[in-house]
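What follows is a single structure, written as structure tokens, with notes after it.
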Amino acid sequence: MLSSPRYIYVKDAYRDEMVGKEVRLRGWVYRHRVVGNKIFVVLRDPTGIIQCVLDRSIVGDEVFDEVERLGIESSIEVRGMVRKEPRAPGGYEIHVRYAKVYGVSRDFPIKGGEGIDYLLDNRHLWIRSRKLTTIMKIKHSVLEAGREYFLRNGWWEVTPPILTASACEGGATLFELKYFERKAYLSQSAQLYLEALIYSLEKVWSLTPSFRAEKSRTRRHLAEYWHLEAEAAWYTMDDMMKVSEELVAYIVSKVLEKNKNELEFLKRDLTILKNAVETPYPRIEYDEAIEILQKRGVAIEWGDDLGADEERELTKEFDRPFFITHFPREIKSFYMKLDRDRPDVVLGFDLLAPEGYGEIIGGGEREDDYNKLLQRIIDEGYTVDDYKWYLDLRKYGSVPHSGFGLGVERVVMWIAGLDHIRDAIPFPRFRGRIYP
Ligand code: ATP
Ligand code: MG
């Protein structure tokens, strides 16, 4: 027998060739039950849980008495033999010869059945839960696939700032802060900076936090979220829609490939996710969206913005992600290029996730003409001086260009089938809450 068997992860114990082998495992006590002279410890590590059986006659009184008193979430190391055991959850267990306690945990504050506010106050502990761990693994795949997509397709990753100087677009949802002797703001989007970067690198992307002081609490808005943004010179709206759908299809395909266990643990229905791997996605114009909504009895008129409720209603028409394009200029940002043939609408698009989720990407073609952009800034009542540098981009070698922004937590929320965005981020910030 090996004197010092190697450390393995829980998932590696669940293999026939491990049966009869002596192993070491480290982790946390997930469940704990004492039956006479036996202790059943379910051990948790990043890869899963496994039952470990301690017998007094084998581990000795000292170890037995110490482990007997442990509460859940204590950290321990066990050494023992992998056995097949049909009665154990998962069919395998560890027969422990020796155990070492690292950190005792007594009276872990989360026992099950607590309310959401209590759980959010204890997020630093709740984050250990299997549900949140599972979601974080899916998010890892989403981020990995996103980066991979851009790397493989010749895009440059860049690092735009988070602190910004002027109260640009959407001042209503802006976080203001003290910056030395002046005011500054937390970035809501890297877009304007990415636009400046396309003049040297052409195709750029970034992953940064974006901050939005949303006026109300909803299931899909965070005050701080991770924003995956892309911007490219020479790209039309159509080109950018292709990038958007390829990116989302790639992300979904990677999650389906790498996170089978996680999706199963979350009991995610895969039918519609599988549809999302196929491109192109359906496209409708805003006009058609309004018609669909009116037919479905929604009280909405041309010119109204589409909120979460309207988006949810529209998703009932589709069994995969879909685009809405050509929105009225009044409900979209000043930098969006107007349609040449129909100047009441912009060359903008949203990509909506099905199953009620709604917008996961917003994008479009940008106004590249200096005078037209200046006029839009004036019409919106913005301070022209705040946009001087942005206008400069149209003064020195302007090019047609397009871009988009994807909300990482929105995508995770949809792929994982969550009913609230807060579980798509380890430490959620939203209106009225920032702790822990
Ligand atoms: P919404 O209409 O859903 O509030 P938006 O149109 O204001 O979103 P954009 O400015 O288009 O959002 O931002 C790009 C993407 O960032 C959105 O498509 C969405 O996926 C994500 N996003 C925007 N606001 C939030 C938020 N508060 N929390 C999480 N993700 C967000
Ligand atoms: Mg949008």
Exercise. Determine the sole option in R320, R268, K316, R312 for which the salt bridge (Lys or Arg N to Asp or Glu O under 4.0 Å) test with E355 is passed.
Key: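 Single pass found, and it is R268.
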Quiz prompt | Smallest separation among heavy atoms of I76 and V78, with atom names | solution =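 Reported closest heavy-atom pair: CD1-CG1, 3.8 Å.
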With ring centroids as reference points, do [X] and [Y] lie under 6.0 angstrom apart?
X    : Y    : value
W126 : Y118 : no
Y387 : F334 : yes
Y149 : W155 : no
Y185 : F175 : no

Is the number of heavy atoms from other residues, nucleotides or ligands within 6.0 Å of [atom1] ([X]) greater than 12?
X    : atom1 : answer
K111 : NZ    : yes
Y179 : OH    : no
W234 : CH2   : no
E17  : CD    : yes
E257 : CD    : yes

Practice problem: Consider only side-chain N and O atoms of Y250 and R152, and report whether a donor and an acceptor are under 3.5 Å apart. | Solution: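 The answer is yes; a qualifying pair exists.
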Quiz item: Sequence neighbours excluded, which residues qualify as ring-ring contact (aromatic ring centres under 6.0 Å, His included) partners of F323?
Solution: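 Scan of F323 (ring-ring contact (aromatic ring centres under 6.0 Å, His included), adjacent residues dropped) gives F349.
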Expected list for residues 203-211: side-chain donor-acceptor pairs under 3.5 angstrom, two or more places apart:
unit_1: K203; atom_1: NZ; unit_2: N153; atom_2: O; d: 2.9
unit_1: S210; atom_1: OG; unit_2: Q188; atom_2: O; d: 3.0
unit_1: S210; atom_1: OG; unit_2: H227; atom_2: ND1; d: 2.8

Exam field: side chain [X] to backbone [Y], donor-acceptor pair closer than 3.5 Å:
X    : Y    : answer
N259 : L256 : no
S74  : G71  : yes
T279 : Y281 : no

Quiz item: Do R128 and E73 sit within salt-bridge range, that is, some charged N less than 4.0 Å from a carboxylate O?
Solution: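 Looking at R128 and E73, the cut-off is met.
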Quiz item: Thinking salt bridges, do E157 and R147 make one under a 4.0 Å N-O criterion?
Solution: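 Salt bridge between E157 and R147, a charged N being under 4.0 Å from a carboxylate O: yes.
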Exercise. Side-chain contact test, heavy atoms from C-beta onward, threshold under 4.5 Å: evaluate it for L306 versus I290 and give yes or no.
Key: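 In contact.
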